[in-house]
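So you know, we letter chains A, B, ... as the sequences are listed, proteins then strands, and number each from 1. Predicted model, so just to flag it, every value in this text is computed and none were measured.
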There are 4 protein chains.
Amino acid sequence: MSDRTAVEGVSDKRTAILEATLDLISERGFHNTPVSLIARTAGVSAGIVYHYFSSKEELINELYRGVKLETIRAMLADYARDLSLQERFLGIWSNYVQFSLNQPTKGLFLEQFENSPYIKHVMGEDFVQALAPFFDLFEQGMDEGVFKPLPPVVLFDLGFSAASSLVKRHVAGVVVLDDELVQAAANACWDAVLR
Amino acid sequence: MSDRTAVEGVSDKRTAILEATLDLISERGFHNTPVSLIARTAGVSAGIVYHYFSSKEELINELYRGVKLETIRAMLADYARDLSLQERFLGIWSNYVQFSLNQPTKGLFLEQFENSPYIKHVMGEDFVQALAPFFDLFEQGMDEGVFKPLPPVVLFDLGFSAASSLVKRHVAGVVVLDDELVQAAANACWDAVLR
Amino acid sequence: MSDRTAVEGVSDKRTAILEATLDLISERGFHNTPVSLIARTAGVSAGIVYHYFSSKEELINELYRGVKLETIRAMLADYARDLSLQERFLGIWSNYVQFSLNQPTKGLFLEQFENSPYIKHVMGEDFVQALAPFFDLFEQGMDEGVFKPLPPVVLFDLGFSAASSLVKRHVAGVVVLDDELVQAAANACWDAVLR
Amino acid sequence: MSDRTAVEGVSDKRTAILEATLDLISERGFHNTPVSLIARTAGVSAGIVYHYFSSKEELINELYRGVKLETIRAMLADYARDLSLQERFLGIWSNYVQFSLNQPTKGLFLEQFENSPYIKHVMGEDFVQALAPFFDLFEQGMDEGVFKPLPPVVLFDLGFSAASSLVKRHVAGVVVLDDELVQAAANACWDAVLR
DNA sequence: TATGAATGAGGCTTCATTCAT
DNA sequence: AATGAATGAAGCCTCATTCAT
């Protein structure tokens, strides 16, 4: 037990810092979120943050990587090659919406991060791996002549850009994203990629 | 000339401040863009900024309103009710892409602003008016049974979300948005909204 | 008429500036009273203040001299050598209280000014003249053996310090300075100077 | 010694800041005493001031409370109910004068503070307790028919207002407050409160 | 006389980061 | 591994004063 405590003790604080950072930044923004506040929220001292992360920037980058990977993986939950193209496509859509609605801070954080010139994002090998199923999906769809003959990234945007926009609308209270609407929107995007 | 000087003289500095703010924020972010740098870039003193704007926040809000309105109007250039639904839809698409590629700082600024919890955006009557043609378009399309029976905002997202994503891909160097690709993407989104 | 307008026009603005300064400083303090606010309150431009006064400091000094002289003169209204010592003493007391209650801003301003190291007060010949009756009173009282044999300034403080303290109590709402109380206090101070 | 160091270590900087603030403000005024100068004089960084005080205003308020309490307590040194009314009264007088002459900055600071609309003073329970002996003195004096039948605050002002005025005269060089003069003045004020 | 835009120094405060303990 | 006092650079903003008109 002392072993676990020791081991988890470490990651506990690290995790607490990351979670506090996520919550604070998603509702206050990068600036307006001082390290001292992150520390207080996480229940640790300001100094210890620099034991786990070399700088505030690295902390935020680390958080970005984690949240981004988690989001990608959530989108691909249940993804299986033996499902039809459409089943996989629609599955990603509903996974994404469900995840975003359950974890609103993560979406807000990602959008903020990705639209800020403040911090340059560096992606590593694990991202390439995590994203592979998307390319797999679109390449298979093109090979089979089911999808429009466009670069996979373009198909990706055609297929999923609207999803995050709609989630923002929902968060803003402009629309209510119930199952029916999600399915309708997902099917509309399916029409967009379909040849 | 003395006429123009007199007239423009009043707003010259104000305009210079707004333009400097746009350029700096789009490439450096909200923070990392001190008022002192804005002033220096605009060729004015730091103090005078507060003669034209009551705070940095108000300056940025004012800038947002101006850029947003300009973008909306650019999208609707040539918009005319006697054009077909598809012509109008595709026109908006190409107007948007063209404007975004010509004025990359404005798109970057808008995305950053709209995804930041830092500043709350307040829109006024002029926005409602400027956006009217979009609602006009989608409502007419639904009335005629051409578009899917979905809320106008949803149709808007289905129709245009991908556009800004693709522009970002272009700016990031991932794809090259030539005319052919823009048309293909625009037509794909047309498929998305089409019944 | 044009003559009067021209002449009064000048002093009108000067007076308006002085009055605005008095009101603002008495309720906001020296700092926290920018020249720009003084100008706005007086209904003039900021620049013109420097036509009438060479600096903010001089403006305040000028104001001090005027208010101080006015206060001294108000205390000595009705002062006449043919009145008894006690009549003159009590007259000063009630004049002071009456003036202070009617013109609360002036007392506040004087106290603030005289207790601030910010601005060094320079008094001129007119002050010496205006204050002469006080010395006259106390010297006569000493010569006649009616007052305690103390320096006139000391007799002055013994005789009148309590007056301003009581006015402040009244302004603060701690006591109500009605006629009866003023007379009682004045008589008590008369006891203090009386041999 | 290590003990004292440890104990004092905590409040050392806080105390240094308060002392520097007192000295600087008493000779320069509230404004004209920037926080940066306070910090430099105290031998600390500017930032740390905000670790101990939430703002410059709070710092000054805190200082006021401390100096005021110290002054009140100094006035009441040796105060004892078994002394006669007159002994107590005259003791307060000489305590006050002695304290003021020994600690001229404190008197200057108090006067400046109390006559400035800049900062609103809030007094707490400790003030009420510290001031109790004054009320005790005046109420007893009235009950015994020794003092004039006036509100305690009024008796207080009649009894002690002149003291601070005279100290200011001394500081200004107008009179020399030697023991003889202090006693004469104190006795004169005793006459003022005496029935 | 009069305006008010403009300047620029300086004030208060915040905050990422370090370091003695 | 942990604390939190401490630093000092930098940010936003104010304001006395000037000057072109």
Side-chain angles (χ1 to χ4, degrees), chain A residues 6 9-10 12-14 31-40 43-60, chain B residues 5-6 9-14 30-40 43-59, chain C residues 6 9-10 12-14 30-40 43-60, chain D residues 6 9-14 30-40 43-59:
Chain A
V10 172
D12 260 4
K13 291 211 170 159
R14 202 187 128 96
H31 61 298
N32 208 23
T33 299
V35 173
S36 59
L37 178 59
I38 292 172
R40 201 179 322 135
V44 301
S45 75
I48 201 63
V49 171
Y50 290 85
H51 178 74
Y52 293 108
F53 305 95
S54 66
S55 68
K56 184 185 181 184
E57 182 164 337
E58 202 214 70
L59 160 59
I60 294 175
Chain B
T5 310
V10 174
S11 58
D12 252 3
K13 296 214 167 156
R14 202 186 130 95
F30 288 131
H31 62 293
N32 210 23
T33 299
V35 172
S36 59
L37 178 59
I38 291 173
R40 204 178 320 137
V44 301
S45 75
I48 200 62
V49 171
Y50 294 86
H51 181 72
Y52 292 107
F53 306 94
S54 65
S55 66
K56 185 184 181 185
E57 181 164 337
E58 203 214 69
L59 161 59
Chain C
V10 172
D12 261 4
K13 291 210 171 160
R14 203 186 127 95
F30 289 131
H31 60 297
N32 209 23
T33 299
V35 172
S36 60
L37 178 59
I38 291 172
R40 202 180 320 134
V44 301
S45 75
I48 202 61
V49 171
Y50 291 84
H51 179 74
Y52 292 107
F53 306 94
S54 66
S55 68
K56 184 185 181 184
E57 182 164 337
E58 202 214 69
L59 161 59
I60 293 176
Chain D
V10 174
S11 58
D12 252 2
K13 296 215 166 156
R14 203 186 128 95
F30 289 132
H31 63 293
N32 209 23
T33 299
V35 172
S36 59
L37 178 59
I38 292 173
R40 203 177 322 132
V44 301
S45 75
I48 200 62
V49 171
Y50 293 85
H51 182 73
Y52 292 107
F53 306 95
S54 67
S55 67
K56 184 185 180 184
E57 182 165 339
E58 203 213 70
L59 161 59

Inter-nucleotide C1' distance (E/dT1, F/dT21), Å rounded: 13 Å
For C/Ser45, side-chain contact (heavy atoms from CB on, under 4.5 Å) partners two or more places apart: C/Ile48
Which residues share a side-chain contact (heavy atoms from CB on, under 4.5 Å) with D/Ala46, sequence neighbours left out: D/Ala39
Of D/Thr33 and C/Val49, the one whose closest DNA chain E nucleotide lies more 5': C/Val49
Short heteroatom pairs, N/O only, protein and nucleotides 18-21 of chain F, under 3.5 Å:
none

If you only use heavy atoms from C-beta on, which nucleotide in [options] is closest to the side chain of [X]?
X: A/Val35; options: F/dG8, E/dT1, E/dA16; answer: E/dA16
X: A/Ser45; options: F/dA5, F/dA2, E/dT3; answer: F/dA2
X: C/Val44; options: E/dT13, E/dT3, F/dT7; answer: E/dT3

[N] phosphate, OP1 or OP2: any side-chain N/O from [X] under 4.0 angstrom?
X: B/Tyr52; N: E/dA5; result: no
X: D/Lys56; N: E/dT13; result: no
X: A/His51; N: F/dA1; result: yes
X: B/Lys13; N: E/dA5; result: no

Spacing of C/Arg40 atom CZ relative to F/dA16 atom C1', expressed in whole Å: 14 Å
Spacing of B/Ile38 atom CD1 relative to F/dG11 atom C1', expressed in whole Å: 12 Å
Intermediate values then yes/no, side-chain contact (heavy atoms from CB on, under 4.5 Å), D/Leu59 and D/Ile38: CA-CA 11 Å; D/Leu59 161 59; D/Ile38 292 173; 4.2 Å; yes
Under the side-chain hydrogen bond (donor to acceptor under 3.5 Å, both in side chains) test, residues paired with A/Ser54 that sit two or more places apart: A/Glu58
Stems involving DNA chain E, each a run of at least 3 consecutive Watson-Crick or G-U pairs under 3.5 Å: E:2-21 with F:2-21
Parallel, tilted or perpendicular: rings of C/His31 and D/His31 (30°, 60°): parallel
Separation between OH of B/Tyr50 and NZ of B/Lys56, rounded to the nearest 0.5 Å: 8.0 Å
